[in-house]
Amino acid sequence: MKTGQNDKEMQLFLEKIMAFANKTGIAFITGNIYGGLAGFWDYGPIGVEIKNRIKDAWWTDFVRNRDDIVGYEGAIITHPKIWEASGHLTSFNDPLIFCQGKCKKKHRLDHLVEDQLNINTENLGIDELSKIIKEKEVNCPECGGNLGEPVTFNLMFNTHIGPVQDSASVAYLRPENAQLIFSGFKNVVDSTRVKMPFGIAHTGIVFRNEISPRNFLFRVREYELMEFEYFSNPEKTNDCPDFDEIAEYELNILSQIEQDQNFEEDYRKISVGKAWEKRIFKNKWQAYWLTIFIRWFIEALGIRAEMLRLRQHMETELSHYALDTWDLEYKYPFGWKELMGCANRTQFDLAQHQEFSKSKMEFMEQTEEGIIRYIPYVVAEPSVGLGRILLTVIAEGYTEEVVKGRKRIVLKIHPRLAPYDVSVFPLQKGEKIFAKAREIFENLRTDGFIAYYDDSGSIGKRYRRHDEIGTPFCVTIDYETLEDEQVTIRNRDTMEQVRIPINNLGEELRYQKRNYKIK
RNA sequence: GCGCUGAUAAUCUAGUUUGGUUAGGAUACUUGCCUCCCAAGCAAGCGACCCGGGUUCAAAUCCCGGUCGGCGCACCA
């Protein structure tokens, strides 16, 4: 990670991005007229467009355009039993105790009892733990101070169903979407003709009562997750027919090995095929999906390859349900951080739901030997926060250039993600030229483009305004247009202009959008 | 959540040390004039001391509490 002066620069960059997002109508802290609410964000007119287009790109590429993934959307307020089965009710409820002495530090009550007294705490509740601490007169391990009364730290938001608020009416706002996919698994299997292996995709808002929200849109308490669970026959978890097609793809990797060795570089380069041969990945499908997503971020969203890496979780880092987890990390202004997570969740969740609900979670498959039944195995769970992609896309795209001695701010984002496809300007004032420009603008809209019309200020000012929000193309109508039926297309990144017949306009814009390359 | 630190218009900022005039400037935005292929110029307009309490004749300025941000620690199923 960078140090010294660079740290300062990076920090200033994040602050610049936040001010930029505010100025251009991308994102605002919610309730800011009342001072703001930490960890919750509102999206403005430009932000909501970019956000929706990112979501649309994801859904189009991973659900609509694939034969092996179907969609699902669960309820936000969830059946409480789901979180008992998933383990969230125990692992999201941490018993904590605060030092009342000098250091004021916070300790996990269960860890304290385990470390200090060597007692297994697995089945002990907060009251029992508290009693043990008092009986054995355990003090703060940091400063020896007295410990106060324990509190429960619940990372799930809860609410009550119905007007009576008692313990029987408690329900939780979902902290992840995955459990809605698992608990709805039978619904999908029974209502559609899915064949193994296949995925169930889900997008939607989740709620986590994070302790300290930080870094703009990065760590927040309410955010939209886009993910799918990819299921396989547990006997065939490495049967990945398309793997060979991507085997040569070069990945930036920081596996457990490099982290154990305190590897000095940010990552090591290796092809996914070689990494699989060396069993750096534990599952072939997981390697496949991680590669597909790396490629998606680079090619479909325009993120620079050197800003992305795959980092494997250390054994101690793994969640209770995961066999192996990889983070797809982006080099944010505040360091390498998770953009997407991809866990191998095994059969854990479906088995849990089978046990708790008494419903069979088995999948029936017709094979040459006859019908076999099994609990499907989740080989990969690519799960990504929409807000984090938005932050990444803005951080990647935000560019300052000097043009003729003046600063030009350009949001160089992929045209597929831009809030407007095209903006239409009449070059001069005049009724005829306005009418022509309006006509072209309306035709572009009819033709399926998200278009904007602007006739205020100088032409240069209009270009700059659209550079800032990332509009990739501006079409200018001048007096000659009225004679020769030609218009000028101006490119956001290069500022170059081409003059083409109006009849070819839609086709040309579509071509340029499809073939867009970020330098 | 703890510690350090900060908060002046949509944005950037002067003023806060040492309380005292109508809180100054730049950018952006709106309107008009002029110009028309890269934020030109001129004129006018719009717009702020984070919230609450205290001290004082008087608070943007001093004190206390809160909110929000940044950094460090902790947390990140």
Side-chain angles (χ1 to χ4, degrees), chain A residues 7-8 10-12 14-16 18-25 28-40 44 83 86-94 96-99 102-108 111 142 151 153-156 175-176 178-179 206 208-216 218-221 313 317-322 325 327 333-334 337-338 341 343 401 403-410 425-430 433 455-468 474-480 487-492 494-499:
Chain A
D7 269 356
K8 191 77 188 168
M10 299 284 253
Q11 184 192 326
L12 288 175
L14 184 68
E15 282 169 25
K16 191 180 266 187
M18 287 174 74
F20 172 74
N22 205 251
K23 190 182 162 219
T24 51
F28 309 88
I29 190 159
T30 197
N32 52 1
I33 60 166
Y34 294 107
L37 199 56
F40 301 93
W83 310 108
S86 71
H88 283 78
L89 265 181
T90 44
S91 54
F92 258 67
N93 279 277
D94 297 335
L96 295 182
I97 198 156
F98 290 88
C99 170
K102 269 193 299 221
C103 76
K104 309 277 183 219
K105 283 216 165 130
K106 176 180 67 186
H107 304 283
R108 276 280 291 271
H111 292 178
E142 291 288 325
V151 289
F153 229 69
N154 191 346
L155 270 354
M156 282 199 283
E176 67 167 30
Q179 295 309 325
V206 299
R208 298 185 193 184
N209 229 334
E210 297 285 353
I211 296 161
S212 56
R214 289 257 170 116
N215 295 330
F216 190 29
F218 187 80
R219 183 167 299 285
V220 292
R221 292 186 165 126
H313 279 208
E317 228 180 310
L318 290 171
S319 315
H320 63 276
Y321 52 71
T325 299
D327 284 348
F334 39 86
K337 297 278 179 189
E338 174 185 0
E401 298 174 350
V403 176
K404 291 188 181 163
R406 297 192 62 140
K407 187 161 84 176
R408 179 173 95 113
I409 294 174
V410 197
F425 310 148
L427 182 63
Q428 293 104 344
K429 287 201 161 81
I433 198 166
D455 60 19
S456 73
S458 74
I459 191 74
K461 191 168 252 183
R462 281 178 266 171
Y463 285 146
R464 291 295 183 276
R465 269 201 288 253
H466 282 273
D467 287 341
E468 216 171 46
C474 295
V475 171
T476 307
I477 286 84
D478 54 33
Y479 277 116
E480 278 177 49
V487 290
T488 306
I489 303 179
R490 180 261 195 189
N491 182 295
R492 176 197 67 199
T494 62
M495 296 170 54
E496 280 163 10
Q497 308 188 13
V498 288
R499 195 161 173 89

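Below, chains carry the letters A, B, ... as their sequence lines are ordered, and counting in each starts from 1.
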Open item on the list: Rounded to whole Å, please give me the gap between CD in A/E176 and C1' in B/C76.
Closed with: 14 Å

Task: Note, A/Y321 side chain near A/S86 side chain (heavy atom, < 4.5 Å) - done: no

Open item on the list: As an exercise, state the distance from NZ of A/K337 to CG of A/D327, rounded to the nearest 0.5 Å.
Closed with: 10.5 Å

TODO: Assign each of A/S319 and A/K23 to its nearest nucleotide of RNA chain B by heavy atoms, then name whichever residue's nucleotide is nearer the 5' end.
DONE: A/K23

Task: Closest to side chain of A/K461, choosing from B/C36, B/C38, B/A40 - done: B/A40

Open item on the list: Can you identify which nucleotide, out of B/C68, B/C38, B/C36, has its nearest atom closest to the A/A38 side chain?
Closed with: B/C68

Open item on the list: Would you compute the distance between atom CZ of A/F425 and atom NE2 of A/H466 and round it to the nearest 0.5 angstrom?
Closed with: 4.5 Å

Open item on the list: Quick check for you: among B/G1, B/C37, B/C38, whose closest atom lies nearest to any side-chain atom of A/R214?
Closed with: B/G1

- [ ] Output yes when at least one side-chain N/O atom of A/N22 is less than 4.0 Å from OP1 or OP2 of B/U11, else no.
- [x] yes

- [ ] Figure out the CD1/C1' separation between A/I409 and B/U27, and round it to whole Å.
- [x] 11 Å

- [ ] With RNA chain B as reference, determine whether A/G39 or A/E468 sits nearer its 5' end, using the nearest nucleotide of each.
- [x] A/E468

Open item on the list: Given the structure, check if the side chain of A/R490 and the base of B/C37 hold any donor-acceptor pair shorter than 3.5 Å.
Closed with: no

Open item on the list: If I take atom CD1 in residue A/I33 and atom C1' in nucleotide B/C50, what distance separates them, rounded to the nearest angstrom?
Closed with: 13 Å

Open item on the list: Does a side-chain N or O of A/N215 approach OP1 or OP2 of B/C71 to a distance below 4.0 Å, or not?
Closed with: yes

Task: base_contact_polar (B/C37 base, A/T488 side chain, donor-acceptor, <3.5 Å) - done: yes

- [ ] Give A/F20 one of three labels, base, sugar-phosphate or nothing, depending on what nucleic acid heavy atoms sit under 4.0 Å from its own.
- [x] nothing

Task: Nucleotide nearest A/R219 (side chain, heavy atoms from C-beta), chosen from B/C75, B/C76, B/C38 - done: B/C76

Task: Separation of B/C37 P from A/Y479 OH (nearest whole Å) - done: 12 Å

Task: Base-pairing assignment for B/G19 (Watson-Crick or G-U wobble, both under 3.5 Å) - done: none

Task: Student check: side-chain heavy atoms of A/C474 and A/Q497 closer than 4.5 Å - done: no

- [ ] Would you kindly give the CZ-to-P distance between A/F28 and B/G69, to the nearest whole Å?
- [x] 16 Å

Open item on the list: Which nucleotide wins on minimum distance to the side chain of A/A19, given the candidates B/C12, B/A74, B/C37?
Closed with: B/C12

Open item on the list: If I take atom NZ from residue A/K461 and atom CZ from residue A/R464, how far apart are they, to the nearest 0.5 angstrom?
Closed with: 11.5 Å

- [ ] Look at the side-chain N and O atoms of A/R465 and state whether any lies under 4.0 Å from the OP1 or OP2 oxygen of B/C38.
- [x] no

Open item on the list: When you measure from the side-chain N and O atoms of A/K16 to the phosphate of B/U11, is any distance below 4.0 Å, counting only OP1 and OP2?
Closed with: no

Open item on the list: Is A/S458 close enough to B/A40 that one of its side-chain N or O atoms is under 4.0 Å from OP1 or OP2 there?
Closed with: yes

